[in-house]
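Written below as structure tokens is the structure these notes are about.
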Amino acid sequence: MSLWLTGIGVSRGIAIARVQKLHGGDPEAVEYTVEPEALDEEVERFEQAQQQALIELREIRDRIPVGTPGDIAAFIDTHLLMMDDRSLTDATVSTIRNQGCNAEAALRHSRDALMAVFEQMEDPYLRTRQNDIEHVVSRVLRVLAKAERRLPGDDGTPAEPAIIVADDITPADIILLSQQSVQAFVTEYGGPLSHTAILARSLGIPAVVGLHNARKLLREGEPVIVDGENGHVLADPDDKALAHYRQRQAQLAQDRQVLQLLRDKPAISRDGVAVHLQANIELPEDASVAESNGAAGVGLYRTEFLYMNRKDLPTEEEQYAAYARVVGAVKGPITIRTLDLGADKQVDSGQRHGPTPNNPALGLRAIRLCLKEPDLFRLQVRALLRASAHGQVRIMLPMISSITELRQARQIVAVCREELNREGCAMAEHIPVGIMIEVPAAAIAAPLLAREADFFSIGTNDLIQYTLAIDRVDDEVNYLYDPLHPAVLRLIRMTIEAGHRAGIEVAMCGEMAGDVRYTRLLLGLGLTEFSMHPTSVLEVKRAVRDARVGELKALVEQVLQAEDQESFERALAQLQQT
Ligand code: PEP
Ligand code: MG
């Protein structure tokens with residue numbers, strides 16, 4: 001008999017295959033006392049297992065296919081750092097020695113202590129890192145127990161297409177599985193921002209997370225259908241359901257092919273408005289992914305990834321090499337954002353200054369940190385200016401909230417330019433310096449800022465967070481995160497109008513720009529520069545090519561003027577239909 005289950009759909013697509021369960025992350029708990037004369041040997045057993053786990057994880061890191069989005073490698077790098085971290089290894093060794101217990105018991109003890117520390121953290125993002133600690137410790141425990149989690153295809157036989165059902169899946173296992181014939185992931189834990197969700201989306205594999213008791217309810221080897229958009233899992237489907245979902249699967253595949261035909265077509269609306277669709281990237285390697293998805297340049301290169309998952313700071317030379325590589329690989333303009341560390345983008349503790357603030361999102365973040373630590377900023381600015389010799393570089397400053405900050409930052413750019421000129425370094429003659437509009441104050445003061453900024457780019461992820469006073473990484477208030485809130489829409493409109501009145505370009509690089517549900521609305525608001533995850537470019541391009549911007553402008557006005565929820569929804573529906 002068929003069984004319908006519902007979790008959270010986090011990666012779109014339909015998969016039909018048989019269940020393959022991944023059994024528990026942790027092998028059986030074994031605890032025993034170690035005699036004093038055998039303690040050295042036990043410590044050695046632990047250290048060897050930890051080294052072996054590091055070797056395995058590095059091998060997985062090296063097997064990441066070229067073109068895989070940068071966040072995947074970043075997850076593995078974080079795990080490598082954690083596995084090698086002294087707070088885990090030293091504590092385990094001293095527990096073995098002081099309590100005379102075996103390596104497994106000592107390692108679990110260190111894990112529980114570390115997790116308790118993370119549990120106390122105010123910052124919800126850091127609290128979610130407990131999950132990473134569990135993954136890392138499980139890997140070492142599995143080596144100790146010589147019980148490697150068996151993955152499809154591990155024994156060398158070609159893997160059957162399968163739907164993986166697990167409690168949770170580590171980023172490393174996702175990479176291994178994505179190279180096998182895995183059709184979809186179903187996990188008991190996790191939410192839309194969990195690693196499984198982010199990685200599955202990046203890899204284009206359908207996924208449903210947060211489906212409690214999935215391992216109990218689904219039987220090994222039984223056929224299931226996974227609908228990654230709606231979060232449905234249908235076990236043992238009947239012929240009617242199979243026919244329905246096979247048809248939807250075929251439609252989606254056809255749709256993907258149709259979208260590919262748009263790759264080299266221009267993004268021009270039916271009434272002749274030309275739109276620029278660019279990509280957001282995070283690692284130099286992402287540049288090729290952007291191009292293969294038909295993006296016309298890069299509208300946001302997030303540079304903080306160069307600073308994360310390491311204990312030291314990147315040197316000017318290292319940064320220059322990375323930027324020059326990306327700039328050389330991107331056809332068209334590339335907007336490089338200066339360091340946006342702090343809040344949801346923490347660096348390794350070795351680089352952090354002072355105690356963790358109470359409200360990191362409102363703290364010393366992004367341009368504030370750079371202006372407080374000008375030496376850190378100067379290194380990056382010099383590297384960016386030097387990279388401008390290789391292409392069309394634009395510099396973008398994050399989290400600007402006042403004209404003073406913009407002037408101070410521009411002053412540093414000017415001084416670095418003079419220095420490099422004296423040193424005889426090649427640079428582009430004109431390097432636009434623009435700002436992100438992601439703080440309500442900047443949107444409200446946009447007419448003033450537009451006089452001194454060369455361009456604007458609206459960061460809706462933060463603009464929504466700060467306007468609606470909801471922490472973007474706090475699951476408890478996620479339900480309030482609303483890109484369509486009238487306050488948000490008004491701030492977006494004010495920014496676009498102020499920029500255009502001053503004759504500067506206005507782009508949008510927050511998630512909203514890549515969400516096809518908002519394309520018509522944004523076009524109607526007058527936006528013509530969009531930057532997004534590369535995989536969204538073609539879908540947004542189709543929406544642009546189907547739209548008549550002139551008509552949308554009038555309809556958007558009705559959306560903005562709506563006085564209650566009912567008329568708002570009516571106006572919005574009309575905007576989507578025409
Ligand atoms: C934004 O805030 O919308 C943005 C693009 O920047 P980030 O998500 O990196 O903060
Ligand atoms: Mg931001």
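As the structure lists them, so they are numbered: ligands from 1, and atoms in each ligand from 1.
Considering backbone and side-chain atoms together, Arg337 places an N or O closer than 3.5 Å to an N or O of ligand 1. On a distance-only criterion, Glu438 and ligand 1 share at least one N/O pair closer than 3.5 Å.
The Mg ion (ligand 2) has no N, O or S atom of Asp340 under 2.8 Å away, backbone or side chain.
For the ligand labelled ligand 1, residue Met396 lies outside the 4.0 Å heavy-atom shell.
Atoms of ligand 1 lying under 4.0 Å from any heavy atom of Leu300, numbered from 1 in the order shown and given with element: 5 (C). For ligand 1, the atoms sitting less than 4.0 Å from at least one non-hydrogen atom of Cys509 are 5 (C), numbered in the order shown with element in parentheses. Close approach of ligand 1 to Gly459 is summarised as follows: ligand atoms under 4.0 Å from at least one heavy atom of the residue are 1 (C), 2 (O), 3 (O).
A distance of 11.0 Å separates CG in Asp482 from OG1 in Thr467, rounded to the nearest 0.5 Å. Here Leu384 contributes atom CG and Ile395 contributes atom CD1; the two are 5.0 Å apart, rounded to the nearest 0.5 Å. Between Leu379 atom CG and Leu313 atom CG the span is 8.0 Å, to the nearest 0.5 Å.
No hydrogens or angles considered: a donor-acceptor pair under 3.5 Å links the side chains of Tyr307 and Gln319. Donor-acceptor pairing under 3.5 Å is lacking for the side chains of Tyr320 and Glu316.
Rounding to 10°, one obtains 90° for the angle at the Mg ion (ligand 2) between OE1 (Glu438) and OD2 (Asp462).
Remark: the backbone N or O of Ile205 is paired with a side-chain donor or acceptor of Ser11 at under 3.5 angstrom. Counting only distance, with no hydrogens or angles, the side chain of Asn230 and the backbone of Gly9 share no donor-acceptor pair below 3.5 Å.
Looking at Met436 against ligand 1, only its side chain comes within 4.0 Å, counting heavy atoms. At a heavy-atom distance under 4.0 Å, only side-chain atoms of Asp340, from C-beta outward, approach ligand 1. Residue contacts with ligand 1, taken as heavy atom pairs separated by less than 4.0 Å, involve Arg365 solely via side-chain atoms from C-beta onward.
The neighbour count for Glu511 CD, taken as heavy atoms of other residues, nucleotides or ligands under 6.0 Å away, does not exceed 12.
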